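What follows is a single structure, written as structure tokens, with notes after it.
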Amino acid sequence: MNDPLGPLCSIGELARRTGLTVKAIRFYSDRGIVPPTGRSPAGYRLYGADALARLDLVRTLRELGVGLPDIRKVVARELSLSEVAAAHADALAVQIRTLRLRHAVLTAVARRDSNPEEMDLMHRLARLSEDERRRLIDDFLDSVFAGSAGSAGSGAFVGIRRSFTPELPDNPEPEQIAAWVELAELSQDGEFRAVVRRLVEHLAAEQEGARGGGPRPGLVPAVRELVGPALAAGIEPGDDAAAPVVEALLAHDVHVLTRLETVNDPRRERYTKLLAVINGWPAPESLAPVLDWAVEALRVREPAGGSGCP
């Protein structure tokens, strides 16, 4: 047999040089990935210098998760390293996304103390493909915008619908995934859909009113403008000093209480916050303080027979 330090070496020497076991090298050799260069007079396998390079490559590719069929093609030059690397990079990207989704679901379950049914729903929502996610959201938006876009009579509702649409990026952060799962779950709530549908109807009415009577601020901006100073001044909703604010709110819209109760639904604000996280938008300002104040002030002065609003 040749000197182990010379051109050919035994399988034992090859194992010592590479750090692999004799069993592993024999396995690769039997599968033609690292074939022996020759045999000793006693019939033992002998390997040349190229075996060291092949085994280094095999070990690296195995550590990266490349399977034996692809490794065999690489060493046989049927596939280039770049082709194999690209294919496995794509596969790893899918695995990473899957792990992120699982992490997001488990985190949400832990934070919300979810029951098994909620956990199953979140898991199924997280596993949706991009097309399935889009169909789910389109179904939600179609259900709440149905009929309103036509009554708006312009392209304004295209922009409004877009402002309600979550767009999960290709490489989302864990918090974006968790937000999307919660938003998707919320979008399936029939009561929440009814709330959003009423909001859309109110926006359509504002659009019609603006065209008929000239430009005027929307309800929410008007409430913020009227109620903000009262809040800052420490005026309570039941104080006499709140009466002028209430009168101004009623002058803006006779159905203001009904509409503000819809806008003030906490699920609406939660949706906008989740939407901002998913789309990478700045966190929206909370409207709860001004809306709570306005609703309470209006209720205090509501006629005994009710508001008379539809």
Side-chain angles (χ1 to χ4, degrees), residues 1-110 119-120 122-134 167-178 180-181 280:
M1 184 177 70
N2 292 300
D3 189 319
L5 297 178
L8 300 179
C9 61
S10 68
I11 195 169
E13 180 61 24
L14 197 58
R16 284 189 290 273
R17 292 190 183 189
T18 60
L20 295 170
T21 64
V22 169
K23 182 178 179 180
I25 296 173
R26 186 176 292 116
F27 174 82
Y28 295 136
S29 183
D30 289 343
R31 279 152 183 77
I33 295 173
V34 185
T37 303
R39 298 245 175 200
S40 70
Y44 295 108
R45 307 179 202 197
L46 299 175
Y47 298 87
D50 66 318
L52 288 169
R54 284 193 175 206
L55 286 171
D56 282 340
L57 175 60
V58 169
R59 181 166 56 184
T60 299
L61 292 175
R62 290 295 283 166
E63 288 174 353
L64 290 172
V66 180
L68 286 177
D70 283 341
I71 291 175
R72 186 182 294 110
K73 291 177 182 178
V74 169
V75 297
R77 300 187 184 281
E78 296 175 19
L79 280 177
S80 69
L81 272 175
S82 60
E83 290 173 321
V84 172
H88 281 269
D90 291 342
L92 280 175
V94 173
Q95 292 177 31
I96 289 169
R97 178 180 175 276
T98 300
L99 289 173
R100 281 182 166 181
L101 290 171
R102 291 176 182 172
H103 178 266
V105 170
L106 290 172
T107 300
V109 169
M119 183 177 69
D120 179 63
M122 286 189 289
H123 182 54
R124 285 188 285 111
L125 290 173
R127 293 177 62 189
L128 295 177
S129 69
E130 182 178 351
D131 287 342
E132 289 169 333
R133 289 199 307 269
R134 191 171 299 279
E167 296 285 352
L168 196 65
D170 292 336
N171 295 300
E173 296 298 325
E175 58 268 22
Q176 290 177 300
I177 297 170
W180 192 93
V181 170

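Just so we're clear, the structure is a prediction, and the values are computed from it rather than from any experiment.
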Set of side chain to side chain contact (heavy atoms under 4.5 Å, CB included) partners for A42, sequence neighbours left out: S40, Y44
Closest non-hydrogen atom pair, V22 against A15: CG2-CB, 3.9 Å
Pairing residues for S82 by the side-chain hydrogen bond (donor to acceptor under 3.5 Å, both in side chains) criterion, not counting sequence neighbours: S80
Close side-chain approach of Q176 and L168, heavy atoms under 4.5 Å: yes
All side-chain hydrogen bond (donor to acceptor under 3.5 Å, both in side chains) counterparts of D30, not counting sequence neighbours: R45
Sequence-distant partners of D50, side-chain hydrogen bond (donor to acceptor under 3.5 Å, both in side chains), two or more places apart: none
More than 12 heavy atoms from other groups under 6.0 Å of CZ on R59: yes
Considering all heavy atoms, the nearest G32-R54 contact: O-NH1, 4.3 Å
Flag side-chain contact, heavy atom, 4.5 Å: E167 against R133: no
Minimum heavy-atom distance between R39 and G43, given as atom pair plus value: NH1-O, 2.9 Å
Heavy-atom pair with the smallest gap, counting every atom of Y47 and S29: OH-OG, 3.0 Å
Those residues that, when tested against L52, pass side chain to side chain contact (heavy atoms under 4.5 Å, CB included) (two or more places apart): L14, R17, T18
Atom pairs and distances, donor-acceptor, side-chain atoms in residues 61-73, under 3.5 Å, two or more places apart:
unit_1 : atom_1 : unit_2 : atom_2 : d
R62    : NH1    : V66    : O      : 3.3
D70    : OD2    : H88    : NE2    : 3.3
R72    : NE     : R31    : O      : 3.2

Name of the residue among I11, V34, T21 meeting side-chain contact (heavy atoms from CB on, under 4.5 Å) with R26: I11
